[in-house]
Amino acid sequence: MVLPTLPPPSPNSTSPVHPPPLSAASWVETLRSHARSNCFRATLATYVDMTSAGVPPDHFAFPAALKAAAGVPDPAAGRQLHAAVIKHGYHSSPVTVANTLITMYARCGDFRSALQVFDRIPDRDQVSWNSMIAALCLFEMWELALGSFRSMQQRQKSVPPSSFTLVSVSLACSNLDRADGIRLGKELHGYELRNGSYCNEKRFAFNALVAMYAKLGGVDDSVALFERFQYRDIVTWNTMISALTQNDRFKAAMSVLHQMVVAGIKPDGVTLSSVLPACSRMDLLDAGREIHAYAFRNADLFMNTFVASALVDLYCNLGLVEEGRAVFDGISERRLGLWNAMISGYAQNGLDDDALELFIEMEVAAGLSPNETTMASVLPACVRSEAFRRKEDMHGYVVKRGMEGDKFVQNALMDMYSRVGDIDISRKIFAGMEDRDVVSWNTMISGYIVCGCYSEAFNLVNEMQRSGDSTAVEVVKPNNITLMTVLPACGSLAALGKGKEIHGYAVRHALNSDVAVGSALVDMYAKCGCLGHARAVFDRMPKRNVVTWNVLIMAYGMHGRGEEAMELFELMLAKGEVKPSGVTFIAALAACSHSGMVSRGMELFHGMKEEYGVEPDADHYACVVDLLGRAGKLEEAYHLITTMNAASDKAAAWSSLLGACRIHRRTQLGEIAAKHLFELEPDESSHYVLLSNIYAASGQWDKSMEVRKNMKSMGVRKEPGCSWIEVGDYVHRFTVGDSAHPQSTRIHSFLETLWDGMKREGYVPDTSCVLHDVEEKEKEVLLRGHSEKLAIAFGILNTPPGSTIRVAKNLRVCNDCHEATKFIARLVDRQIILRDTRRFHHFRDGSCSCRDYW
DNA sequence: TGATTTCCTG
């Protein structure tokens, strides 16, 4: 018999075909020994030689050859072997041959044939059942696998389940819903305890149980099992380590590794790739390097692609992309996982074009097909990359490859559609998902926030909290990422009540000890105008990083409390826990600027490079221009811009200067700044508005109108003004001239009444803030419709007398609103905290502490 | 006849 499709023995095979042995028995022995040592191609080649030499295969030869066909895997060879099995009459007896056929077909991806073989076995033994259950698991048919297990249990006497059965069934359990899985898993565990096998056999079963508990989130059960288990082998240790890392028990994972080494077990590739994610997530660069060095000393580990993938992940996660790339480049036989790790490493470091380039290299040069993981990394890079235009095409690409049902891919697609503004498509994907995890929920929430659908976002967070408290099938609790996603939204909407609610959740679920969550809480309280709360959270944090400090320094600055901001800055330096970053100096300089601390700020600016090694960038220059400009030193500010590096982006600096020109009514200099800005950022509406305001303030109406016309003809649209106020459980949103709110009529008539009172107190409407060409009387009506006034009026009408009113606005507060709010605050005897894009305005007793308005 | 490892949300 000839098997023409069989491949020749591979040139690098360690087992060359031996000179033909003489007896049939030695042919079979050679065949089996190749199979035992997993030299599959050599096994198949020997089979061909043997049959060519006229030796008929027997019931020992077939299982060996079939194992090889399964191992390669080689479906064509497998089918021909099946034909030979029938021809030689081994198809029904002994059953060992048929059993091997089941496994062969399963490994070759032919489920129907595997099932057919099983169905046609007249006297199925324990191994037949085990092989079939394992096959079902291979095809991820978990329910069917469990069904077969039940059938087996009914035949308890003839085919009792063994440790082999337990291994497959544990795997099936770990892929069920959590509640079902745990229930069945405990049943299995009980079964093992009652009827369990011993020593070697027991080890397999227990390893599988440890893994099962971990996958179902019962990692404490895994630990308990592991600790009492005396027959540990390297897989047991590895299983325990990966169980811990996969459940975010990183410290415990490192400690098990330590115990393992102490117990004299030499870590292998699986150990390293299981423990490296723990180093990565805990930012343990030194430990990671030590493991890298250990792999370096053991050549087989060094070339292991799993270890390499985990190392690439570690280095990229710590921002050391170059080192990750070096590991990647050092591996000659790159498996898909390694490409994925590198692509994702680039993407996570914002090197989106590098990620896309590598993705193309993988497809074109290396000829590898992407899998779901690849797409989950590439999609975000596509979304962010400026160079990559046709983003929605990626959806078609994914569908064409049949990956649209994958959870990771769906998460990435949701994110993509939210970012391009198609939130409805994200919503549809989310609604249609079968298996939503915490990332799916978080992605949907952040999508809503990106698109400005805040109430939908908050509703989803509430839904998550409820499902976490209940015993619903889909148990997904808000995690630290969820909180870090919604807290900034609370801050930008000044939704203090919502923010406090989230704070409460964080405390109840011990998420507030997370540095990032803590920093987000500090920021939220500060943005809601509650500096005291922000400071209290800061003081109680067990651990702080540079972001935490920056956030609070920035907060003091925005509230016009420059002295305290600088005290905090000094404290940060004195404590020395963290080094100041570029952002720290932005915060400190901005604080000096808002409090008029010019010489202090200049000192800081000049010392930042020499004393702290932080190179000033374009944003630092913009802060200093703001500092000088605000203080009236506009010539100095202008001069500073001219000293800036030619290549650096001067737009922010010019914009600061233009802002200062508005405060100090410097028309000519304003024109110069605006000229530069119109060249650098022709689409930015705020530049046109500022210049127009400057002209209007100096009475040059024609020029003011001309700027507006230019803006229109350029097709630049002013972002509509929008203000938010939280009352009760809701954040109410108001746009200019809003009449959509249910209380609209009431708000407008209240404002009219207020208006008369304000005028009696001496308020003069600043109609220069209205840039439409209409009658003077009409201008007043337009002024009264500014969103912050509507929000404030709504607040007064709907909150208890004497309580503080907190309003947030998406643009800078105009001069008239600033002036009017002073009067309103005094008339209704309320403290009003109004936040715009730059800072907080605390209105109390008819004044505001800021000096930005005239 | 069986087990463990890399990837996604900020």
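Because only heavy atoms are used, hydrogens play no part in the values below, and waters and symmetry mates are left out as well, while side chains stay in. Here is how names work: the chains are called A, B, and so on, in the same order as the sequence lines, proteins then strands, and each is numbered from 1.
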Which part of the nucleic acid, if any, lies within contact of Asn411(A), taking any heavy atom under 4.0 Å across all strands shown: a base, the sugar-phosphate backbone alone, or nothing? base
Report which part of the nucleic acid Arg107(A) touches: base, sugar-phosphate, or nothing (heavy-atom distance under 4.0 Å, all strands). sugar-phosphate
With a 3.5 Å cut-off and heavy atoms only, can you find an N or O donor on one side and an acceptor on the other between the side chain of Ser163(A) and the base of dG2(B)? yes
Have a look at Asn207(A) and say if it touches a base, only the backbone sugar-phosphate, or nothing, with a 4.0 Å heavy-atom cut-off. base
I'd like to know if the side chain of Ser426(A) pairs up with that of Ser418(A) as donor and acceptor (distance under 3.5 Å, no hydrogens or angles considered). yes
Closest nucleotide among dT1(B), dG10(B), dC8(B) to the Asn130(A) side chain: dT1(B)
Does the side-chain ring of Phe408(A) lie flat on the base of dC8(B), meaning centres under 5.5 Å and planes less than 30 degrees apart? no
For the base of dT1(B), is there a side-chain donor-acceptor partner from Ser131(A) under 3.5 Å away? no
Under 4.0 Å, counting only non-hydrogen atoms across every strand here, what does Arg419(A) touch: a base, just sugar-phosphate, or nothing? sugar-phosphate
Between Asn371(A) and Asp406(A), is any side-chain donor less than 3.5 angstrom from a side-chain acceptor? no
Compare the minimum distances between each of dT9(B), dT6(B), dA3(B) and the side chain of Pro380(A), then state the nucleotide with the smallest one. dT9(B)
What contact category does Thr239(A) fall into here, base, sugar-phosphate, or nothing, at under 4.0 angstrom with non-hydrogen atoms? sugar-phosphate
Sugar-phosphate, base or nothing in reach of Asp406(A), heavy atoms under 4.0 Å: nothing
Taking only the side-chain nitrogens and oxygens of Gln246(A), find out if one of them lies under 4.0 Å from OP1 or OP2 of dT5(B). yes
Mind checking if Ser446(A) touches a base, just sugar-phosphate, or nothing, with heavy atoms under 4.0 Å? nothing
When all nucleic acid strands are considered with a 4.0 Å heavy-atom cut-off, which category describes Thr443(A): base, sugar-phosphate, or nothing? sugar-phosphate
What closest approach, in Å, do Gly181(A) and Leu216(A) show between heavy atoms, and which atom pair accounts for it? C-CD1, 3.5 Å
Under 4.0 Å between any heavy atoms, over every strand shown, what does Gln410(A) touch: base, sugar-phosphate, or nothing? Just pick one. nothing
Phosphate-side-chain proximity, Thr482(A) and dT9(B), N/O vs OP1/OP2 below 4.0 Å: no
Would you kindly say whether Asn130(A) and Asn99(A) are connected by a side-chain donor-acceptor distance under 3.5 Å? no
Check the pair Arg436(A) / Glu463(A) against salt bridge (charged side-chain N to carboxylate O under 4.0 Å, His left out), numbers first and verdict last. CA-CA 13 Å; Arg436(A) 287 182 284 218; Glu463(A) 213 178 300; over 6 Å; no
